[in-house]
> 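Here you go, one structure.
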Amino acid sequence: MEANKILVIAPHPDDETLGCGGSILKHVAEGDEVHWLIVTGMLEEYGWSSKDIKNRDIEINKVANIYQFSKVHSLSLPAAHLDQINTAVLVSKVSEVLNSVRPGHVYMPFRFDVHSDHQIVAKAVQSSIKPFRTPFINKVLMYETLSETGQNFIEGKPFIPNVFINIDNYIDQKVQIMSNYKSEVGEHPFPRSEKAIRALSALRGSQSNNNEAEAFQLIYEC
């Protein structure tokens, strides 16, 4: 059987693990070809030190090796400053990766996360995955990100999952991978804590008759 091509789009490194880390591990275990698109990066001109950048590069390389991604695609756009990037430029860059990889399945951030980078990336992806332009894509799923998706209290557009993926065999490794992002995790009740990750996994499992699960909102499937 031919391997599926999967593209996981992350506004920032760690979004892929929080949103669909268990599913990534499952795809790789099943022999799928998984690509990781990181949209933003730390740049010195936006206040990040060379030490910060070096440490983040080490984290990314370590995480990529654990997941065994087929390829990592980095756009290196300024984190927390995507609102300064021309929308057409971002759409063009995302489209270039899509047409290079030609994935069958795409994982993307939730359109109404509170983080502006997530909103902007999601909107750019939506503009890039029109079926008549990317006929090779047959499934698009939006993932939820702890600290961003669940904080959407005002928009009136909550994350309502309609697809669940069993990650019974992968939750421990997901937690371990997330621990590599030293500056992004904390102790409970910090939302990106081990306890929160496991609690969300258990909740989504209880909603889908699994012990552990990740939840998604289906954009389309054909």
Side-chain angles (χ1 to χ4, degrees), residues 3-40 55-73 103 105-110 113 115 118 121 139-151 159 161-218:
N4 292 316
K5 282 189 177 182
I6 314 296
L7 179 64
V8 179
I9 301 175
H12 319 97
D14 84 343
D15 292 328
E16 80 298 326
T17 299
L18 290 168
C20 53
S23 299
I24 293 170
L25 292 165
K26 191 169 188 176
H27 278 296
V28 173
E30 292 174 352
D32 292 335
E33 179 183 322
V34 186
H35 292 247
W36 183 18
L37 170 56
I38 308 171
V39 176
T40 67
N55 288 339
R56 179 50 54 89
D57 287 343
I58 291 171
E59 290 173 351
I60 290 171
N61 289 334
K62 188 170 183 179
V63 168
N65 287 332
I66 295 171
Y67 278 125
Q68 300 179 45
F69 287 117
S70 296
K71 187 173 181 179
V72 178
H73 310 260
H105 295 186
V106 173
Y107 290 91
M108 60 178 283
F110 180 54
D113 282 353
H115 198 306
H118 288 222
V121 169
K139 181 184 285 188
V140 181
L141 295 169
M142 290 193 297
Y143 56 77
E144 58 184 334
T145 309
L146 282 165
S147 78
E148 305 300 344
T149 308
Q151 298 297 311
F159 179 80
N162 51 13
V163 173
F164 297 84
I165 296 178
N166 180 305
I167 62 165
D168 287 358
N169 296 328
Y170 304 104
I171 181 61
D172 291 337
Q173 192 172 4
K174 172 177 176 167
V175 169
Q176 182 59 43
I177 292 171
M178 189 62 201
S179 70
N180 288 290
Y181 293 112
K182 304 297 185 185
S183 63
E184 304 300 332
V185 296
E187 295 298 322
H188 184 71
F190 187 70
R192 294 191 300 274
S193 65
E194 177 177 347
K195 186 172 183 178
I197 293 170
R198 290 186 181 277
L200 182 60
S201 179
L203 171 64
R204 296 315 189 190
S206 72
Q207 293 172 324
S208 56
N209 196 35
N210 295 292
N211 290 316
E212 310 286 346
E214 289 173 337
F216 305 90
Q217 192 166 317
L218 179 68

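Keep in mind it's a predicted model, so treat the numbers as computed, not measured.
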> Which heavy atom in P13 sits nearest to a heavy atom in T40, and how many Å separate them?
CD-O, 4.3 Å
> Which pair of heavy atoms, one from L146 and one from R192, lies closest together, and at what distance?
O-CG, 3.8 Å
> Minimum heavy-atom separation for Y143 to P11, with atom names?
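Here Y143 and P11 meet closest at OH-CD, 3.5 Å.
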> Nearest 0.5 angstrom please: I197 CD1 to I177 CD1, how far?
10.5 Å
> Under the criterion side-chain contact (heavy atoms from CB on, under 4.5 Å), which of E16, H27, E214 is the partner of Y107?
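For Y107, the side-chain contact (heavy atoms from CB on, under 4.5 Å) check succeeds only for H27.
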> Suppose we call two aromatic rings close when their centres sit under 6.0 Å apart. Are Y181 and H12 close by that rule?
no
> Does some side-chain heavy atom of H118 sit less than 4.5 Å from a side-chain heavy atom of D15?
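They are in contact (side-chain heavy atoms under 4.5 Å apart), so the answer is yes.
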> Would you confirm whether N65, through its side chain, and K62, through its main-chain N or O, come within 3.5 Å as a donor-acceptor pair?
no
> Considering all heavy atoms of both residues, which atom of L218 and which atom of V140 are nearest to each other, and what is their separation?
CD1-O, 3.6 Å
> If you define the side chain from C-beta out and look only at heavy atoms, does anything of F164 sit under 4.5 Å from N209?
no
> Does E184 form a side-chain contact (heavy atoms from CB on, under 4.5 Å) with M178? I'd like the steps, not just the answer.
CA-CA 8 Å; E184 304 300 332; M178 189 62 201; 4.2 Å; yes
> Between atom CD1 of I167 and atom CD of Q173, what is the distance when rounded to the nearest 0.5 Å?
11.0 Å
> For the backbone of R198 and the side chain of S201, can you confirm whether one donor and one acceptor N or O come within less than 3.5 Å of each other?
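No; zero donor-acceptor contacts below 3.5 Å.
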> Measure the spacing between NE2 of H105 and NZ of K139 and express it to the nearest 0.5 Å.
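Result: 5.0 Å between the selected atoms.
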> Under a 4.0 Å N-O cut-off, is there an ion pair linking R56 with E59?
yes
> Could you grab the distance from atom CG of D113 to atom CZ of F159, nearest 0.5 Å is fine?
9.0 Å
> Provide the closest heavy-atom pair for S193 versus G186 in the form atom of the first, atom of the second, distance.
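Result for this residue pair: CB-O, 3.0 Å.
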> Between the side chain of N4 and the main-chain N/O of D32, is any donor-acceptor distance below 3.5 Å?
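Side chain of N4 to backbone of D32, a donor-acceptor pair under 3.5 Å: no, none is there.
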> Side chain of K174, backbone of L18: donor and acceptor closer than 3.5 Å?
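Yes, K174 side chain to L18 backbone: donor-acceptor pair under 3.5 Å.
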> Other residues, nucleotides and ligands only: do more than 12 of their heavy atoms fall within 6.0 Å of CD on E187?
no
> Could you give the distance from CD1 (I171) to CD (E194), rounded to the nearest 0.5 Å?
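Between atom CD1 of I171 and atom CD of E194 there are 8.5 Å.
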> Whether the side chain of N180 engages the backbone of V63 through a donor-acceptor N/O pair (distance < 3.5 Å, no angle test) should be reported.
no
> I165 and F216: which non-hydrogen atoms are nearest, and at how many Å?
CD1-CE1, 3.6 Å
> Atom NZ of K5 and atom CD of E33: how far apart are they, to the nearest 0.5 Å?
5.0 Å
> Taking the side chain from K26 and the backbone from N166, do they hold a donor-acceptor pair closer than 3.5 Å?
yes
> When you look at CD of Q207, are more than 12 heavy atoms from neighbouring residues, nucleotides or ligands closer to it than 6.0 Å?
yes
> Is a salt bridge present between E144 and R204, judged by a nitrogen-to-oxygen distance below 4.0 Å?
yes
